[in-house]
Amino acid sequence: MVIKRDKYLNQLIRSQHNGLIKIITGLRRSGKSYLLFNLFKEHLLSNDVPDSHIIQVDLEDRRNKELRNPDALITYIDSKVKDKNMYYILLDEIQHVSEFEDVLNSYLKIENTDIYVSGSNSKFLSSDIITEFRGRGTQIHVYPLSFKEFMTVDDRHPLDAWPDYYTYGGLPHVLSLKDEETKENYLKDLYTKVYLTDIKERHSIRLDSELKELMEIIASSIGSPTNPSKLERTFKSVKNVTLSDKTIDVYLKYFEDAFLTEKAIRYDIKGKKYINTLSKHYFTDMGVRNAILGFRQIEENHIMENIIYNELRMRGYSVDIGVVETRPMGEGGKRIRKQYEVDFVVNRGSQRYYIQSAFIMPTDAKERQESASLLNIDDSFKKIIIVKDHIKPKRNDTGIITIGLIDFLLKPELLDW
């Protein structure tokens with residue numbers, strides 16, 4: 001099964017010969033190695049790069065154990081560079097090499113080498129990259145399959161494929177598994193034996209019960225604003241466990257650094273400022289999220305919101321949670337404070353969209369309810385409602401656009417309809 005990842009491949013192609021280390025990050029099993037060793041290598045070969053000028057090392061392979069020594073790796077790579085033409089160095093699971101930062105930086109000074117690396121999240125995290133390669137690296141962040149990528153290898157109608165996507169997610173290997181039980185077991189094992197183990201080993205966490213409890217709470221409340229203090233109270237009341245808000249805050253950062261979750265901050269649209277009191281946590285892959293909960297809490301409306309968030313992030317937008325405050329006149333002639341939430345404030349450069357995830361709008365009253373927050377925004381940026389129903393895009397007399405979910409996922413151009 002060949003799954004094209006053109007977005008990421010094109011990022012690698014655009015980054016060729018830029019004098020920086022190309023660093024491929026993302027959730028484990030999201031396809032980083034395949035992107036590097038298959039898709040990018042195939043691109044190089046098809047553009048007349050000789051195979052002898054592609055130096056490829058899988059450092060997770062036991063047969064390459066000796067190359068995990070930094071000096072041995074440098075000696076091996078140097079032995080392959082035999083002329084002045086360009087050499088492409090592709091290193092997978094670089095975290096197995098001690099002092100790998102020095103190895104990578106060494107090749108920045110050699111004019112005829114272009115270096116590309118990927119690594120697992122246990123030791124090769126976003127925070128590490130910022131610290132170790134500031135100004136010397138280009139990060140290509142790989143997400144699990146988008147629905148559009150998913151559909152390139154699924155010949156069913158998108159509406160028939162949608163339940164599989166929101167239940168089992170977009171990790172590429174899941175698509176090769178034939179039955180539901182096998183998919184569920186794979187995802188459960190991946191969560192407990194890979195993702196959790198990575199976090200525990202990296203941060204020397206001996207007792208993981210609270211870590212797992214917190215992950216389950218976050219998984220069961222996607223789309224709900226929260227913060228460490230609120231979660232501390234939840235632990236006390238629901239789990240009868242005392243876990244400080246500081247520890248919770250640290251654990252949440254561990255989840256983000258492992259690319260399991262992303263944090264969306266609230267933004268005051270009228271006041272043009274961030275509000276740090278509450279945030280939302282979305283999961284990078286819905287199959288992993290569902291596995292955390294044992295596939296017992298599959299609420300399509302909340303999952304749809306999470307998938308819309310992921311889709312926007314895959315397209316390269318920054319995404320915040322919007323708050324619109326109004327002060328209508330109340331009883332007795334006094335103004336009252338009222339807040340509306342906008343699911344997503346979506347930005348990239350000068351572009352901005354306000355987006356609501358509405359699931360269904362069966363009545364005019366429901367449509368008015370979903371439109372209320374958007375109608376209270378007094379700027380000219382596009383305002384969009386995404387519904388689960390497979391409908392033709394439409395624009396009402398207030399300028400609000402309504403798009404069906406499947407069209408939104410498969411047709412990125414509709415945001416500018």
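Predicted, not measured: the structure shown is a model, and the values here were computed from it. Along the sequence shown, residues are numbered consecutively beginning with 1. Quick note: numbers below take in every heavy atom, side chains included, and nothing from hydrogens, waters or symmetry partners.
- Between Met151 and Ala161, the shortest heavy-atom contact is SD-CB, 3.5 Å.
- For the ring-ring contact (aromatic ring centres under 6.0 Å, His included) condition, the pairs that include at least one residue of residues 25-48, sequence neighbours left out, are Phe40-Tyr116.
- For the atom pair NE2 (His53) and CG (Asp48), the distance works out to 12.5 Å, reported to the nearest 0.5 Å.
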Stepwise side chain to side chain contact (heavy atoms under 4.5 Å, CB included) check, Val342 with Leu374: CA-CA 7 Å; Val342 179; Leu374 301 178; 4.2 Å; yes
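- In this view, Glu300 and Trp162, Tyr166, Phe359, Lys388 satisfy the side chain to side chain contact (heavy atoms under 4.5 Å, CB included) rule, not counting sequence neighbours.
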task: Walk me through it: do Leu104 and Leu91 pass the test side chain to side chain contact (heavy atoms under 4.5 Å, CB included)?
output: CA-CA 10 Å; Leu104 301 182; Leu91 304 176; 4.0 Å; yes
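- Here the closest heavy-atom approach between residue Ser220 and residue Arg289 is recorded as CA-NH2, 4.1 Å.
- Across every non-hydrogen atom of Leu59 and Arg68, the tightest pair is O-NE, 2.9 Å.
- For the side chain to side chain donor-acceptor pair (under 3.5 Å) test, residues two or more places apart in sequence or in another chain that qualify with Tyr282 are Glu305.
- Distance check: Leu12 CG to Lys7 NZ gives 11.5 Å after rounding to the nearest 0.5 Å.
- The environment of Lys270 atom NZ is dense: over 12 non-hydrogen atoms of other residues, nucleotides or ligands sit within 6.0 angstrom.
- Contact record, Gly31 with Arg5: CA-NH1, 4.5 Å, taken as the closest heavy-atom pair.
- To the nearest 0.5 Å, atoms OG1 (Thr247) and CG (Leu252) are separated by 11.0 Å.
- If you take CD1 on Ile199 and CG on Asp208, they are separated by 10.5 Å, rounding to the nearest 0.5 Å.
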Give every donor-acceptor pair under 3.5 Å between a side-chain atom in residues 180-187 and any protein atom, sequence neighbours left out.
unit_1	atom_1	unit_2	atom_2	d
Thr182	OG1	Asp179	OD1	2.8
Thr182	OG1	Asp179	OD2	2.8
Asn185	ND2	Glu181	O	3.3

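- With no hydrogens or angles considered, a side-chain donor-acceptor pair links Gln95 and Glu93 at under 3.5 Å.
- Shown here is Arg63, whose CZ atom has no more than 12 heavy atoms of other residues, nucleotides or ligands within 6.0 Å.
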Donor-acceptor contacts, no H, no angles, side chain residues 404-417, under 3.5 Å, sequence neighbours left out:
unit_1	atom_1	unit_2	atom_2	d
Asp407	OD1	Lys411	NZ	3.4
Asp416	OD1	Tyr353	OH	2.6
Asp416	OD2	Tyr353	OH	3.4

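- The aromatic rings of Phe381 and Tyr354 sit perpendicular, their planes meeting at an angle over 60°, well past the 30° parallel limit.
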- request: Starting from the C-alpha separation in whole Å, work towards a yes-or-no answer on side chain to side chain contact (heavy atoms under 4.5 Å, CB included) for His173 and Leu190.
  value: CA-CA 11 Å; His173 183 65; Leu190 193 60; over 6 Å; no
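- Residues Tyr251 and Glu210 bring no donor and acceptor atom of their side chains to less than 3.5 Å of each other.
- The environment of Gln351 atom CD is dense: over 12 non-hydrogen atoms of other residues, nucleotides or ligands sit within 6.0 angstrom.
- In this structure, Tyr168 has its ring center under 6.0 Å from that of Phe295.
- Considering all non-hydrogen atoms of both residues, Ser318 and Arg313 come closest at CA-NH1, 4.2 Å.
- Distance CE/Met286 to NE2/His302: 11.0 Å, rounded to 0.5 Å.
- Nearest heavy atoms, Ile377 versus Lys383: O-CE, 3.6 Å.
- When atom types are taken as modelled, the side chain of Asn376 and the backbone of Ala372 share a donor-acceptor pair closer than 3.5 angstrom.
- With 3.5 Å as the limit, one finds a donor-acceptor pair spanning the side chains of Gln139 and Thr25.
- Between the side chains of Glu149 and Tyr143, no donor N or O sits under 3.5 Å from an acceptor N or O.
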Glu311/Ser146 under side chain to side chain contact (heavy atoms under 4.5 Å, CB included): CA gap, chis, key distance, verdict: CA-CA 7 Å; Glu311 177 66 28; Ser146 68; 3.7 Å; yes
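- A salt bridge does not link Lys236 to Glu232: none of the charged side-chain nitrogens sits closer than 4.0 Å to a carboxylate oxygen.
- Judged as a salt bridge (Lys or Arg N to Asp or Glu O under 4.0 Å), the pairs with a partner in residues 10-26 (not counting sequence neighbours) are, in order, Lys22-Asp114.
- Asn112 contributes a side-chain N or O that, together with a main-chain N or O of Asn85, makes up a donor-acceptor pair within less than 3.5 Å.
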